[in-house]
Amino acid sequence: MTSPTQQELFRFLEDRFACAQACTECARACALRASLVDPDGTEEQELVRRKGIMCAEVCDATCRVLSEQNLLDEDGIRVQVEWCRTVCLESAHVFDRHPGAEDTAETCRACARACTDFLATLQ
């Protein structure tokens, strides 16, 4: 087993920080989107609200995993980040169908891209 180079370590840390930052932005956008939806609205509005809440919670948890010095191993981090990427993409698809949620959908996609970039450093 070889040690990572300094450049590889810097890239890992930069991608980890970028992913955590994207997760934070996505969590805020999704929480806001969920709060704007009428809880007694249509079935589609309820789906938007639920996806917004779920995405906010998953992104917040992922940010905490990436930001803290914790005891999760690389496999645990990978699972969390992959879960975040999946939830973000699913949420973006739901937001695409909801007028006025286009910016939130794009924020979710940006988070999914940051997750993908970070996962590449774990390979």
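Values reported hereafter were calculated over all heavy atoms of this structure, with side chains retained and with hydrogens, waters and symmetry mates removed.
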In Å, rounded to the nearest 0.5 Å, how long is the span from [atom1] of [X] to [atom2] of [Y]?
X    : Y   : atom1 : atom2 : value
E46  : D38 : CD    : CG    : 9.5 Å
I77  : R16 : CD1   : CZ    : 4.5 Å
F17  : L66 : CZ    : CG    : 11.0 Å
F12  : Q7  : CZ    : CD    : 15.5 Å
T107 : E25 : OG1   : CD    : 7.5 Å

Show the nearest heavy-atom pair for residues [X] and [Y], with the distance to one decimal.
X    : Y    : answer
V94  : E44  : O-OE2, 4.2 Å
P39  : R49  : CA-NE, 3.9 Å
C55  : V87  : CA-CG1, 3.7 Å
A22  : A110 : CB-O, 4.4 Å
L122 : R78  : O-NH2, 2.9 Å

Practice prompt. Could you check C84, C63, C108 and say which one makes a side-chain contact (heavy atoms from CB on, under 4.5 Å) with C26?
Written response: C108

Worksheet item: Cluster question for you: counting only ILVMFWY and a side-chain heavy-atom cut-off of under 4.5 Å, with indirect links fine, are I53 and L47 together?
Response: no

Discussion item. With clusters defined by side-chain heavy atoms of hydrophobic residues (ILVMFWY) lying less than 4.5 Å apart, directly or transitively, does V79 cluster with F118?
Written reply: no

Fill in: Audit row: W83, T62, side-chain contact (heavy atoms from CB on, under 4.5 Å) steps and yes/no
CA-CA 9 Å; W83 183 37; T62 304; 5.6 Å; no

Fill in: Residue pairs fulfilling side-chain hydrogen bond (donor to acceptor under 3.5 Å, both in side chains) with at least one residue in residues 108-117, sequence neighbours excluded
R85-T116, D96-R109, E106-R113

Worksheet item: Within the distance-only criterion (no hydrogens, no angle test), does the side chain of Q45 pair as donor or acceptor with the backbone N or O of T42 below 3.5 angstrom?
Response: yes

Discussion item. Using modelled atom types and a 3.5 Å cut-off, is there a donor and acceptor pairing between side-chain atoms of R33 and backbone atoms of G100?
Written reply: yes

Worksheet item: Going by heavy atoms in the side chains, are M54 and S91 under 4.5 Å from each other?
Response: no

Worksheet entry | Contact check, side chains of C30 and C59, non-hydrogen atoms, under 4.5 Å | no

Worksheet entry | Audit row: F10, T5, side-chain contact (heavy atoms from CB on, under 4.5 Å) steps and yes/no | CA-CA 9 Å; F10 284 144; T5 67; over 6 Å; no

Practice prompt. Kindly check if the number of other-residue, nucleotide or ligand heavy atoms within 6.0 Å of CZ (R28) is above 12?
Written response: no

Discussion item. List the residues meeting salt bridge (Lys or Arg N to Asp or Glu O under 4.0 Å) with E102, not counting sequence neighbours, and say none if there are none.
Written reply: none

